[in-house]
Amino acid sequence: MESEELQKDWFIRYNYILGTRQTDKQKGKFIDSILFDLEKLGKKAYVHPFGQNNYGKNIYVGNIKKSKKIICTYYDTPISQHKSYHLNEYKLNKKNTVKSIAIQSIIFLGIGLLFTLFVGISIYQVYNFVSLPSILTTLFYAFYFIILKKISTGWPEKNNSVRNTSSLLLLLQFMNQYHTKETAFALLDSGTYNQAGLDELIQNCQGEIYLLDSVGADQPMYQISKNKQLFVLDSPIIQVEKKITDFKNVLILTSMKKNDQSFQLERDSLKQKEINEANMNMTFDFLEKIIRR
């Protein structure tokens, strides 16, 4: 398959067919698909489980322990919520998500209560339980509680083009064209609300880590790290010196709105359906310079 056709296939599959990667089942389908793709590219990939009961599953390509550079991104997708996404502010992101779930649940409970008061009680009082109105009302309640359960556990975000499918597609494209013994790649789990996948990677490597996050947004590009030696000085991507983790050799590449020393994507950016190709190309060029230096 030609490179352009391959990229179209990846875009359709990982942006639409497997565009939601929140539950274990959804992640499992994604992992099966990505391992198949990597095998076709001639890449030796393996799943690295971690955490209690192996709940997390990172995917590694190359020798993570010995590689001098690891380029990575997270593949899981978030729960739908109505606030901005704040880079590396996991407690705030979790708080906003919990608040959105609570508001949605209260609204839906109110709808159920109103239906019961004005429709359900009257139907069950007037009709017997095997009548058509009673059967339809019972079916409504069954459907209602199924939806309520989904809302109370978090409704999965459907549009994940920017966060973080754009980074996933860029990493696939880069792996297709480049691979050296000194460079490894990683697709990280548990990246939307904490950095468990990144923490696991840090514990198992000694090299420099370059993490892609939402690189396809219509926002300025930033390279963020506490270690200035990781910066690519001749790149147009804006340099920001900032601590990201306790492990100093981590640099984040992202496209976000900068507010003082914080970075965020507002709802209009998160709902963006078109991936910013200029930022994708800029990121690709940045990674090329990383592996060549």
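Because the structure is predicted, anything quoted here is derived from the model rather than measured.
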Any salt bridge linking [X] with [Y]? Criterion: basic side-chain nitrogen under 4.0 Å from a carboxylate oxygen.
X	Y	answer
E157	R267	yes
D213	R163	no
K68	E182	yes
D9	R13	yes

Exercise. Decide whether Y85 and T192 meet the rule of one side-chain donor and one side-chain acceptor closer than 3.5 Å.
Key: no

Quiz item: Strictly by modelled atom types, are S167 and Y75 linked by a side-chain donor-acceptor pair under 3.5 Å?
Solution: no

Exercise. Mind telling me whether F115 and Y141 have parallel, tilted or perpendicular rings, with 30° and 60° as the class edges?
Key: perpendicular

Quiz item: For Y60, which residues count as a ring-ring contact (aromatic ring centres under 6.0 Å, His included) partner, sequence neighbours excluded?
Solution: Y46, H48

Got a second to check how far [X]'s [atom1] is from [Y]'s [atom2], nearest 0.5 Å?
X	Y	atom1	atom2	result
N88	N93	CG	CG	9.5 Å
K43	I34	NZ	CD1	12.5 Å
Q239	E241	CD	CD	10.0 Å
S134	Q125	OG	CD	11.0 Å

Quiz item: Among F143, Y144, W155, which residue meets the ring-ring contact (aromatic ring centres under 6.0 Å, His included) test with F108?
Solution: Y144

Exercise. Please step through side chain to side chain donor-acceptor pair (under 3.5 Å) for the pair D189 and N58, ending with a clear verdict.
Key: CA-CA 5 Å; D189 196 359; N58 285 351; over 6 Å; no

Quiz item: Any donor-acceptor pair under 3.5 Å linking the side chain of N204 with the backbone of E200?
Solution: yes

Quiz item: Do V119 and F129 share a hydrophobic cluster, counting only Ile, Leu, Val, Met, Phe, Trp and Tyr and linking them when any side-chain heavy atoms are less than 4.5 Å apart?
Solution: yes

